[in-house]
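Starting from 1, each residue takes its place in the sequence as its number.
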Amino acid sequence: MVKSYLRYEPAAFFGVIVSVESNITYDSSGKHLLAPALEKLGIWHVRQGVCTKTLSPSLSSRAPSLAVTCVASAPSSLVASGYADGSIRIWDCDKGSCETTLNGHKGAVTALRYNKVGSLLASGSKDNDVILWDVVGETGLFRLRGHRDQITDLVFLDSGKKLVSSSKDKFLRVWDLETQHCMQVISGHHSEIWSIDVDPDERYLVTGSADLELRFYNVKHELMNGESMANETGPETGNDGESATQNKWEVLKPFGEIQRQGKDRVATVRFSKSGNLLACQVAGKTVEIFRVLDEVESKRKAKRRLNRKKEKKSAKMGVEVTDNVEANHGTEEAGNVLVVTVPDVFKLLQTIRASKKICSISFCPVTPKSSLASLALSLNNNLLEFYSIESGSSTKTLAIELQGHRSDVRSVTLSSDNTLLMSTSHNAVKIWNPSTGSCLRTIDSGYGLCGLIVPHNKYAMVGTRDGKIEIIDIGSGTLSEVVEAHGGSIRSIATIPNGNGFVTGSADHDVKFWGYQIKQRPSQDSKCLTISNVRTMKMNDDVLVVAVSPDAKYVAVALLDCTVKILFMDSLKFFLSLYGHKLPVLCMDISSDGDLIVTGSADKNLRIWGLDFGDCHKSIFAHADSVMAVQFVRNTHYMFSVGKDRLVKYWDADKFELLLTLEGHHADVWCLAVSNRGDFFVTGSHDRSIRRWDRTEEPFFIEEEKEKRLEEIFEADIDNTFEDKHIPKEELPEEGAVALAGKRTLETLTATDSIIDALDVAEVELKRIAEHEDEKARGKVAEFQPNMIMLGLSPSDYVLRALSNISTNDLEQTLLALPFSDALKLLSYTKDWTSNPDKVELVCRIVTVLLQIHHSQLISTPSARPVLAALKEIIYPRVKECKDTLGFNLAAMDHLKQLMASRSDALFRDAKSKLLEIRSQQSKRLEARTETKTENKKKKKQKK
């Protein structure tokens, strides 16, 4: 019989609070922060500092896990997350479920932005395209092409009618979404534009780049009569030579610049929800907070600056200043119109300095009572920080840090009963519950390279880079003792099977044997564990790995000279030397029966040796980079290996066959620990994640896995089978271009096949029905036997069922791959489906897409004319019926809304808020008047 094996699948991963590649954002309520953690999206409760929910796509063990690259929250409970493969998922935060998946981009998604209502979603990608999505209809509307490099940010203007996109090509583009064309291209930046944002009132648009200044633009809104309205603060400067026709189409007009404090490039610019603050985060450790002054304050500031310049000029000239004074640097008072510049509106309030490099920022949409705003920061050391911004300074209110390491995980160790997991990093040791992923203890330590948990789970040993062994009390979560063990870094630690001690190997050429001792603490009555050096063995080179055979007969030592020495444990006499690796051995393990020893090296190979004679059974090219860890499953000859190529591989050491390749990690995998029963294993990586992989009850066969790997290679190259790589790319026009939003995927091709199959089955069934009717007419009455494949449906309904199963986002690309003959058959069925009111929208979409694709062939095909004429007669009345129904329902909803409003006190509450707003405006005007009066008095005194 063919041997079967049990499959291992990813079960959980923990240790990542926030990943570096993506941004963070608050949800619409302001209570939760959405922090991407590699392929998952964590929802953190801000006050409690707890991850309440995790949103993760359901991927099989064979599919690579894709990192979240961008996040955006809608005004509702919906959240959009973009991934490295170009897909976008819409999540419902309340339910914790994925509502839909949108496929359109060919590169990683780099920018996402909802409009104010939340009905539209704009996405930008590394493929240089912008796609507009209908969130309600769950479909792509169109693709905007024109940028020559990666899209970095997007923002909606004019109630979602216009879209501004920024790119690494140093240009801003303004797109009219109604006419689907680029209406303005803005140049002037000397380097890549990394971020843009617009204030809530849509007065100013700010751009951040690697330039030393932030650039501001006035946003012009078109009135109903077609005229353009200037910014509320005053007319724009620097447009004297431009014609009126040009001004009409300019949505953004340069307003000015303001110097930044830092020299690093800008990473993010964001206005607060209320619009009173602007945050500029650079690609370093600082965030500059600017205060946005309102119209009255900015005019007052401009007036004060103008008066100061008048005074300076009058003092310099020695002549009294007249009413008509010209001021340099763009500030002038001509015709009683005061022009406000950027420094009058934006004032640097403070600079927030973080401990590490900042990756992303997000303002809380709810303004707290005690401060101006709340700001969340994600740092590149797996940390979330929250700041309360006040007028004078900012204070850190919370830091989420305990649930993960600050740097990569260097070693993982399981306890003997598999209930505890210890992980080491550059400055801390963490004790985890491997089944739940919760962090039980965090102990400050040195740079731990290896570790082991002492039997009975009370103590743990950690070997550090500076040659110390740290003894950790797991119960109390404290560092019990630090022993100066070696003169170089301790690279490996291995327990002695009898449980009386362990062996360490170091870069100082020493292999040391240690024994456990119990000693009395001097100041307390309790006892504690300590260690003592029993034996020391000097080697000829740096020791990289040590391993002890399960029967404690041999000790294996891997040296920097690419060899492995096997020595007798009792006498330390030489037994065997294993040589054959071209580069040093980085890991090794001995099987539980003591027959085999496997070594993994920096030369990317695994070698399986016999421990009886030291002969090499097989050399396997295992990984695309260095093999970092290898371990046998207990009581078997199956083994796991991990490498710098981010892969985990499962092997049969007797047959020398690769059983499984497990993808999941996003960076180099450093370490591995297999449970005693082999029911799960744990891996630690440079991406700071710790992943648990569980053994399932699903059997698999080697030949089937080989076939699946070949299929995956074919599917990964599916785009290239339809597109010639060598055809030169079309040159995009300066004004941009519009294209279909969708993308050809394996799902769309499968859907096309299912439609063709359904059409063929339906055609055969119609012929059978016609033949039966003929026989019935001749008098040959026989009972008609319908086709069982059609599930009791009529041919028309069977084809409709196949179309209804297709995702709305994939419908265009599915129909695009349909041959003309099948498209004609499909059109003939559509007139029957219009009788169903629920399918009118679907029918309209199908007919429109097919007409656009096959227009020239349809008008030249005589057999298509009756079908098109019939559709023309049917579709228009059906669409009108649907519109009338929707209009009636909307009117009824408005009527119900008015009834509910008349029965509540909402009107009075609205009136109260309006009254408070009017009073605040009046107080500001009064302040402005009193200030002008005092200034006039000062002037009169100066004249006297």
Side-chain angles (χ1 to χ4, degrees), residues 407-413 422-429 443-454 459-473 479-497 499-517 519 528-549 552 554-574 584-590 599 602 628-629 670-671 673 684:
S407 67
D408 47 349
V409 180
R410 292 309 303 257
S411 76
V412 286
T413 313
M422 181 178 73
S423 62
T424 65
S425 183
H426 81 292
N427 66 347
V429 172
I443 305 105
D444 292 334
S445 74
Y447 198 127
L449 297 177
C450 53
L452 67 87
I453 297 176
V454 178
Y459 293 93
M461 306 289 159
V462 176
T464 65
R465 182 183 271 182
D466 52 4
K468 296 173 183 173
I469 295 176
E470 297 176 342
I471 304 172
I472 290 165
D473 189 333
L479 193 63
S480 175
E481 188 182 354
V482 179
V483 179
E484 295 283 349
H486 288 273
S489 58
I490 301 174
R491 303 273 176 81
S492 179
I493 188 166
T495 185
I496 297 172
N500 292 332
F502 58 93
V503 187
T504 57
S506 169
D508 63 357
H509 301 192
D510 284 351
V511 175
K512 291 191 177 182
F513 297 79
W514 304 84
Y516 301 125
Q517 290 180 348
K519 73 170 184 178
C528 67
L529 184 78
T530 185
I531 57 172
S532 61
N533 185 9
V534 181
R535 287 187 294 176
T536 302
M537 179 172 58
K538 198 76 175 172
M539 305 303 290
N540 297 326
D541 213 331
D542 290 13
V543 178
L544 299 181
V545 198
V546 290
V548 179
S549 61
Y554 304 112
V555 57
V557 182
L559 302 176
L560 196 63
D561 61 3
C562 310
T563 63
V564 177
K565 310 293 183 190
I566 311 291
L567 306 144
F568 289 102
M569 187 79 172
D570 49 3
S571 62
L572 298 183
K573 287 185 176 179
F574 177 79
V585 173
L586 303 176
C587 53
M588 63 181 172
D589 193 32
I590 300 172
T599 57
M628 299 309 298
W670 292 121
C671 46

**Prompt:** For S506 and R491, what are the C-alpha separation, side-chain angles and deciding distance, and is it a side-chain contact (heavy atoms from CB on, under 4.5 Å)?
**Reply:** CA-CA 5 Å; S506 169; R491 303 273 176 81; over 6 Å; no
**Message:** If you apply the rule side-chain contact (heavy atoms from CB on, under 4.5 Å), what do you find for I471 with V483, and how did you get there?
**Reply:** CA-CA 8 Å; I471 304 172; V483 179; 4.2 Å; yes
**Asked** Step by step, would you call S425 with V409 a side-chain contact (heavy atoms from CB on, under 4.5 Å)?
**Response** CA-CA 5 Å; S425 183; V409 180; 5.9 Å; no
**Request:** Check the pair R535 / L572 against side-chain contact (heavy atoms from CB on, under 4.5 Å), numbers first and verdict last.
**Result:** CA-CA 10 Å; R535 287 187 294 176; L572 298 183; 3.7 Å; yes
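Between the side chains of W670 and D408, at least one donor-acceptor pair of N or O atoms lies under 3.5 Å. No donor-acceptor contact under 3.5 angstrom links the side chains of E470 and T464, judged on distance only. N540 and H509 form no side-chain donor-acceptor contact under 3.5 Å, judged by distance and modelled atom types alone. T504 and W514 share a side-chain donor-acceptor pair at under 3.5 Å.
In this structure a side-chain-to-backbone donor-acceptor pair under 3.5 Å is missing from S480 to D473. When atom types are taken as modelled, the side chain of K512 and the backbone of A485 share a donor-acceptor pair closer than 3.5 angstrom.
The shortest heavy-atom contact between S411 and L449 is CB-O, 3.6 Å. In plain terms, the two heavy atoms of C671 and V412 that are nearest each other are SG-N, 3.6 Å. The shortest heavy-atom contact between A556 and I590 is CB-CD1, 4.5 Å. Looking at every heavy atom in both residues, E481 comes nearest to L529 through OE1-O, 4.2 Å. For the residue pair T413 and L452, the shortest heavy atom distance occurs at CG2-CA, 3.6 Å. A pairwise comparison of heavy atoms in V546 and A494 identifies O-CB, 3.7 Å as the closest pair.
The ring of Y516 has its center no closer than 6.0 angstrom to the ring center of Y459.
Proximity of L544 to L560: side-chain heavy atoms (C-beta onward) are separated by under 4.5 Å at one or more points. Between I531 and M461 there is a side-chain heavy-atom pair separated by less than 4.5 Å. Between V503 and I496, some side-chain heavy-atom pair lies under the 4.5 Å cut-off. Within the 4.5 Å cutoff, the side chain of V429 has heavy atoms near those of the I472 side chain.
To the nearest 0.5 Å, the span separating CG on D570 from OH on Y554 amounts to 10.0 Å. One distance of note links OG of S445 with NZ of K468; it measures 11.0 Å at 0.5 Å rounding. Taking CG of D541 as the start and CG of L559 as the end, the distance is 6.0 Å to the nearest 0.5 Å. Considering CG of N427 and OG of S407, their distance stands at 6.5 Å, rounded to 0.5 Å. Rounding to the nearest 0.5 angstrom, the gap separating the OG atom in S549 from the CG atom in D589 is 11.0 Å. Between the OG atom in S492 and the CZ atom in F502 there is a gap of 11.5 Å [rounded to 0.5 Å].
In D466, the CG atom is crowded: over 12 heavy atoms of neighbouring residues, nucleotides or ligands sit closer than 6.0 Å.
K538 pairs by the salt bridge (charged side-chain N to carboxylate O under 4.0 Å, His left out) definition with D510, not counting sequence neighbours.
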